[in-house]
Undergrad: 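Dropping a structure here in structure tokens format, bear with me for questions.
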Amino acid sequence: RVLVVEGHTEAVSVRLKGSPSAEAARDALRRWNPGLDLPSAPSRPLLFHDAPDRPQPRLDAESGGGMAVHIGRVRPCPVFGLKFTALGSNTERGAAGGALLNAELAFSKGLLA
């Protein structure tokens, strides 16, 4: 665990069914939306970055109200097929925001008495 100020960044390598190209994965990530109509859910839960040096914690973590997840640097991976960088805010999307979204979802599904 490392101390971070603005957001958590992950370097992700994945193998996907059908082995889509990096461009197909970029397109799918740009279009994806879970369609959750929750008060705290951002209108665009994934914000895609085309620049090769993004996302960056100090520049991007708080945009989208801190509730969006930033995706960038989608490229081929020689081991798994694809790799990308993901970034989320520590507090807004992490601890507090994640808990709030879970409670809103549970309430919307009638799981809270």
Side-chain angles (χ1 to χ4, degrees):
R1 188 127 165 96
V2 238
L3 174 65
V4 290
V5 177
E6 312 296 339
H8 290 294
T9 305
E10 297 179 9
V12 181
S13 295
V14 295
R15 179 171 301 154
L16 300 173
K17 186 176 181 178
S19 302
S21 67
E23 186 53 44
R26 284 185 205 105
D27 184 52
L29 289 165
R30 279 187 190 99
R31 290 183 293 111
W32 183 80
N33 191 322
L36 296 177
D37 186 23
L38 303 174
S40 299
S43 60
R44 294 188 58 220
L46 294 182
L47 298 177
F48 193 84
H49 298 268
D50 287 310
D53 64 345
R54 302 289 282 280
Q56 291 184 31
R58 291 197 179 238
L59 297 176
D60 301 314
E62 298 303 319
S63 61
M67 291 295 284
V69 174
H70 299 264
I71 304 288
R73 304 178 205 172
V74 177
R75 59 208 184 276
C77 172
V79 177
F80 290 102
L82 290 173
K83 56 186 172 180
F84 60 91
T85 302
L87 167 71
S89 168
N90 298 9
T91 306
E92 283 84 358
R93 184 61 186 174
L100 185 57
L101 281 176
N102 285 337
E104 290 172 354
L105 181 61
F107 181 78
S108 73
K109 301 272 185 198
L111 300 173
L112 302 177

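Just so it is clear, the values below take in all heavy atoms, side chains as well, and ignore hydrogens, waters and symmetry mates. Note that the numbering runs from 1 along the sequence shown for the chain.
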Undergrad: Restricting to side chain to side chain donor-acceptor pair (under 3.5 Å), what partner residues turn up for Ser40, sequence neighbours left out?
TA: Glu104

Undergrad: Return the CG to CG distance between Leu111 and Asn102, rounded to the nearest 0.5 Å.
TA: 11.0 Å

Undergrad: Using a 3.5 Å distance criterion without hydrogens, assess whether the side chain of Arg73 forms a donor-acceptor pair with backbone atoms of Asp53.
TA: yes

Undergrad: Output the distance between atom NZ (Lys83) and atom OG1 (Thr85), rounded to the nearest 0.5 Å.
TA: 9.0 Å

Undergrad: For Ala103 versus Leu112, what's the shortest heavy-atom pair and its separation?
TA: O-CD1, 3.8 Å

Undergrad: Counting only N and O atoms by type, is there a donor-acceptor contact under 3.5 Å from the side chain of His70 to the main-chain atoms of Pro55?
TA: no

Undergrad: Name the atoms and distances for all side-chain donor-acceptor pairs under 3.5 Å in residues 28-38, with sequence neighbours left out.
TA:
| from | atom 1 | to | atom 2 | distance (Å) |
| --- | --- | --- | --- | --- |
| Arg30 | NH2 | Asp50 | OD1 | 2.4 |
| Arg30 | NH2 | Asp50 | OD2 | 3.4 |
| Arg31 | NE | Asp27 | OD2 | 3.0 |
| Arg31 | NH2 | Asp27 | OD2 | 3.4 |
| Asn33 | OD1 | Gly35 | N | 2.9 |
| Asn33 | ND2 | Ser43 | O | 3.0 |

Undergrad: Which atoms form the tightest heavy-atom contact between Ser13 and Cys77, and what is the distance?
TA: OG-SG, 4.0 Å

Undergrad: Do you know the tightest heavy-atom contact between Pro20 and Leu82?
TA: O-CD1, 3.8 Å

Undergrad: Take Met67 and Leu100 through the test side chain to side chain contact (heavy atoms under 4.5 Å, CB included) and record every step on the way to the result.
TA: CA-CA 11 Å; Met67 291 295 284; Leu100 185 57; 5.9 Å; no

Undergrad: Let me confirm one number: the CG-CZ distance from Leu87 to Arg54, rounded to the nearest 0.5 Å.
TA: 10.0 Å

Undergrad: What are the two closest heavy atoms between Ser63 and Leu47, and how far apart are they?
TA: OG-CD1, 4.3 Å

Undergrad: Other than Val79, which residues form its hydrophobic cluster under the rule that side-chain heavy atoms must be closer than 4.5 Å?
TA: Phe80

Undergrad: Any idea which heavy atoms bring Arg93 and Leu101 closest together, and the distance?
TA: NH1-CD1, 2.7 Å

Undergrad: Which heavy-atom pair separates Glu62 from Ser89 by the least distance, and what is that distance?
TA: OE2-OG, 3.2 Å

